[in-house]
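Right, one structure below, let's go through it.
Note on naming: letters A, B, ... go to the chains in the order of the sequence lines (proteins, then strands), and numbering restarts at 1 for each one. Keep in mind the model is a prediction, meaning the values are calculated, not measured. FYI, side chains are in, hydrogens and waters are out, and symmetry mates aren't considered; it's all heavy atoms of this structure.
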Amino acid sequence: MPEIEPDETVDARGAACPGPLMDLIGKIRSADTGDVIRLLSDNDQSRTDVPEWAEEAGNELLAVEERDDHTAFYVQKA
Amino acid sequence: MTDHVVIVGGGTGGTVLANDLADRLDKELDAGDVRVTLVNDDPEHVYKPVWLYVPFGQREPADGRRPLADLVPDVVDLRIDRVSAIDTDGKRLAFDDTGGEIAYDYLVLATGSTLEPDRIPGLADGAHDYYSESGATDLRDDLLAFTEGDLVLSVVGTAHMCPAAPLEFVFMADDWFRERGLREDVDITYTYPIQRVHGNPHISQWARPRMDERDIQVETFFNAESVDPEAETITSMEGTELDYDLLVAIPPHAGIDLIEEAGLGDDGWVDVDKHTLEAEAASDVYALGDTAETGVPKAGSVAHYQAGVVGRRLASEIRGRPATATYDGKTLCFLETGMDEASFVAFDYENPPSPAPPSEKLHWSKLAYNESYWLTARGLL
């Protein structure tokens with residue numbers, strides 16, 4: 001997988017649900033079209049919340065990286 | 001040497017803590033070994049849960065106000081002033097109005113939430129709220145005269161104060177219009193930013209079927225992007241547009257700027273250890289209530305319980321003993337499910353909520369607690 005360089009990173013590790021998704025939405029609000037936001041979350045619910053919201057909002061989930069103790073989601077603002 | 005504890009914020013958390021310390025450290029205060037200062041920018045304490053009832057004509061904003069001086073004992077130094085800077089290295093606070101400074105040995109930040117409707121274009125002009133005194137009275141003027149049309153409640157910002165209150169509002173409005181024979185002429189729509197009707201999945205699972213039964217329309221994954229007050233529409237980031245005749249919104253929240261300026265956390269929320277409530281970025285600094293980024297609701301019960309934990313930890317530290325008290329996430333909420341019935345939830349970090357069956361008894365328990373809150377503020381309940 002080619003390495004993706006995010007424009008901004010939201011570190012929501014430690015946040016309870018739905019904090020990580022809301023943190024991502026907040027960052028997407030202020031981002032420019034085409035920007036890539038990386039969300040770091042260790043909440044299991046994010047694995048379903050983030051893809052569902054990205055699809056609903058028309059943003060593209062470019063990649064999901066499973067790391068040792070958290071997951072990184074790369075979302076590009078449409 | 002005198003240890004100086006400074007509490008910034010005279011809401012529920014700060015006021016309960018001031019009373020807790022006055023009681024717990026009474027000997028040290030009498031001996032002059034400890035000073036406790038409570039700083040607030042308003043001489044009055046405000047009990048915000050009253051505002052839910054104001055739009056329905058059931059309470060007045062004045063019911064939620066009492067002079068802080070009546071709620072804290074004389075042994076606590078009450079300073080009505082506005083902090084303009086926090087220096088955690090020098091352990092000092094600066095003030096706006098007087099231009100003075102004070103030094104602290106222990107600092108507790110209980111500065112609470114502020115509303116930021118201007119983050120969403122059109123929201124301030126187009127939407128009402130009941131998360132402020134002026135918002136609640138303005139909404140009352142329109143809601144009491146509202147007899148037909150589209151009533152939309154939109155949760156715009158999360159995390160927000162009292163996570164139950166948006167559900168309570170639509171349940172109460174549904175019941176209120178039914179009792180008055182107007183429900184068939186009023187459509188009620190509830191919007192929420194994620195794919196559920198509440199951030200907590202257990203409360204969401206409990207609430208959703210009740211909303212469906214009562215014909216409360218639901219729009220999930222609705223993150224308001226803009227409001228057009230002329231056209232009376234609200235549009236989401238996800239591309240949904242809703243017409244409204246009366247829009248009630250839960251505006252975006254933030255803490256005070258000073259916290260970010262002091263390097264204690266983002267958006268005015270202090271990064272803390274969620275068990276000890278100690279700030280991660282500075283020594284001898286605690287945060288509690290809405291201000292502490294713990295992941296639990298921004299609710300009065302949380303501030304109340306956290307104040308007890310911080311009070312015990314401070315007393316231990318001042319006495320030179322290891323501080324062992326910790327916060328377990330305890331949260332209690334009454335949840336109105338109509339004008340005459342309510343549910344109740346209790347949960348913590350480990351145990352999820354399981355809402356109680358709605359009953360008239362719980363409704364009266366909520367109203368009774370709202371009256372006896374003043375005992376809580378004084379540290380007696």
Checklist entry - What part of B/Arg196 is in contact with chain A, defined as an atom under 4.5 angstrom from a non-hydrogen atom: side chain, backbone, both or neither? => result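 Looking at B/Arg196, just its side chain touches chain A.
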
* Asked: Is it the case that more than 12 heavy atoms not belonging to A/Lys77 sit under 6.0 Å from its NZ atom?
  ->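 Atom NZ in A/Lys77 is crowded, with more than 12 foreign heavy atoms closer than 6.0 Å.
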
Q.
Looking at A/Glu66, I want to see if its CD is surrounded by more than 12 non-hydrogen atoms of other residues, nucleotides or ligands under 6.0 Å.
A.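 Yes, enclosed.
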
Of all of B/Met237, B/Lys274, B/Arg119, which one pairs up most often with chain A through heavy atoms under 4.5 Å apart?
->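 Ranked by heavy-atom pairs under 4.5 Å with chain A, first place is B/Met237.
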
### Message
I need the minimum non-hydrogen distance between A/Arg29 and B/Val156, along with the two atoms involved.
### Response
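Shortest heavy-atom separation between A/Arg29 and B/Val156 comes out as NH2-O, 4.2 Å.
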
With rounding to the nearest 0.5 angstrom, report the [atom1] to [atom2] distance, [X] to [Y].
{"X": "A/Ile25", "Y": "B/Thr158", "atom1": "CD1", "atom2": "OG1", "answer": "7.5 Å"}
{"X": "A/Glu56", "Y": "B/Asn223", "atom1": "CD", "atom2": "CG", "answer": "10.0 Å"}
{"X": "A/Glu52", "Y": "B/Gln195", "atom1": "CD", "atom2": "CD", "answer": "5.0 Å"}

Requested in this report: Using a 4.5 Å cut-off on heavy atoms from C-beta on, say whether the side chain of A/Glu55 contacts that of B/Phe221.
Outcome: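 Heavy-atom side-chain distance check fails, nothing below 4.5 Å.
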
- Between chain B and each of A/Asn59, A/Ile28, A/Leu21, A/Asp49, count heavy-atom pairs under 4.5 Å; write down the option with the most.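 Ranked by heavy-atom pairs under 4.5 Å with chain B, first place is A/Asp49.
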
